[in-house]
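Please read the structure below before turning to the comments.
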Protein chains: 2
Amino acid sequence: MSAKPRIERAALEVFAAHGVDGATTKLIAARAEVSEGAIYRHWKSKDELAIGLFMAAHKRLSDLIEAEAGAVHGVEAKAAALVKAYCTAADEDWTLFSFHLLQLHHFLPYYQDDGRDPVTLVETIIKYAMLKMELPPGDPRVVAAMAIGVITQTAQNRAYGRLGEDALSAHAGLMTAAVQAVLKAR
Amino acid sequence: MSAKPRIERAALEVFAAHGVDGATTKLIAARAEVSEGAIYRHWKSKDELAIGLFMAAHKRLSDLIEAEAGAVHGVEAKAAALVKAYCTAADEDWTLFSFHLLQLHHFLPYYQDDGRDPVTLVETIIKYAMLKMELPPGDPRVVAAMAIGVITQTAQNRAYGRLGEDALSAHAGLMTAAVQAVLKAR
DNA sequence: CGCTTGCAAGTAAATGCTCACATACTGGTC
DNA sequence: GACCAGTATGTGAGCATTTACTTGCAAGCG
């Protein structure tokens, strides 16, 4: 098999485990069973590799949110769809999503806020629902953070090995109920 | 003033901003206005410095949880007390708590689980409340993760500058209501 | 051939850390 | 108080190692 996809997989694993700064090109190459030089045939630098991988996950997640939220009506339904979609996607490519989840803060300076990052999208949905009186009023930034936190912290704890090996989807029902409760709580 | 506390402050800031691996001893020394050698008068290595700072925050948070939860009866009251206490402590020493929050994953391998880390403590409280029928049954690990996520994600977004400069306590009421809703949701 | 992909050895720079030296504090003795 | 040894604290030049990245060469392939 060609080296590029093997490098991508290996890099995701190493970045997720050690962080971008803690990961070494040697380790990535070793895990991909490839020489270090091979990395630089496909990427200009370690950082470009990391940013490329992160942005792929970031865009995939943003697209997912837009698609799922656009397909149904009402915040309740949107919340349920989003939770389920996130769980499914994460289970399908856990390496990619745990990397995205755990290393988010490293890439904050990089993605320009065009309003298409996951957090802003959720904020927008909530703001709109408040306007339509579907939700009680409140700071949409905080409500969005709290609702997202229900998902991300659960996923993080799974990544840390605190929840066993069950798929994230196994908890989708509980998480959906919790998110909907957060949205309405005041 | 002596160098040690200045180094500690500088290290917290640099670790929080760049991560433990991304932080350099040169940068820490420069920010503390101290020579690099001064660091090694007080700590054996950069990692020991980082671990010391983290463990101090970790223990302080654990003690806080035990004290606050032990002082009142009933999950509802415990939840309210914990949220308020965390917000107050975080506002009092935001540098310390944002470092703890953002770099947690770096130190996971280090703290042995004697059941006294914050997450396990919350899990125990929830498990006990379920036994006493104060809460509907459900996986306590997941419920704890979700409840904690409400707080941590909000605090993280504040650290990322997404919530303005308001104190975290400004949102304590909203967060308390959300946490209590999560605990009861099913 | 021409082009892409991979390797092995190597390089320059950065990083964590050390060490010889200087200075400031501490407490006991006269 | 004056003296002084002993210790703790800070400096800054520098060392060994690691790290990201480069380069010359060869193999596969249309």
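A note on names: the letters A, B, ... follow the listed sequences, proteins ahead of strands, and every chain is numbered from 1.
Applying the side chain to side chain donor-acceptor pair (under 3.5 Å) rule to B:Asp166 yields no partners; only residues at least two apart in sequence or on another chain are considered.
Here the P atom of nucleotide D:dG10 and the CD atom of B:Glu33 are 14 Å apart, to the nearest Å. In this structure, NZ of A:Lys46 is placed 9 Å from P of D:dT19, rounded to the nearest angstrom. Here C:dT5 presents its C1' atom at 12 Å from CZ of A:Arg6, a figure rounded to the nearest Å. Remark: C1' of C:dC17 and CD1 of B:Ile39 are 10 Å apart, rounded to the nearest angstrom. Rounded to whole angstrom, the span from the CG atom of B:Asp47 across to the P atom of D:dT18 amounts to 15 Å.
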Exercise. Apply side-chain contact (heavy atoms from CB on, under 4.5 Å) to B:Thr152 and A:Gln156, showing your working.
Key: CA-CA 11 Å; B:Thr152 54; A:Gln156 268 185 51; over 6 Å; no
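The pair B:Glu36-B:Lys26 counts as a salt bridge, with a side-chain nitrogen and a carboxylate oxygen less than 4.0 angstrom apart. Using a 4.0 Å cut-off between charged nitrogen and carboxylate oxygen, B:Lys184 and B:Glu76 count as a salt-bridge pair. Taking 4.0 Å as the cut-off between side-chain N and carboxylate O, A:Arg162 and B:Asp117 count as a salt-bridged pair.
In this structure, A:Lys46 contributes its side chain and A:Val20 its backbone to a donor-acceptor pair below 3.5 Å. Put simply, the side chain of A:Ser45 gets close to the backbone of A:Glu48: a donor and an acceptor are under 3.5 Å apart.
Across every non-hydrogen atom of B:Ala11 and B:Leu53, the tightest pair is CB-CD1, 3.7 Å.
Residues from residues 14-32 of chain B with heavy atoms under 4.0 angstrom of DNA chain C, sorted by number: B:Ala23, B:Thr24, B:Thr25.
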Quiz prompt | Under 4.0 Å protein heavy-atom contacts per nucleotide of nucleotides 18-25 of chain C, with B for base, S for backbone only and - for none | solution = B-BB----
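Remark: B:His42 is in phosphate contact with D:dG10, judged by side-chain N or O atoms under 4.0 Å from OP1 or OP2.
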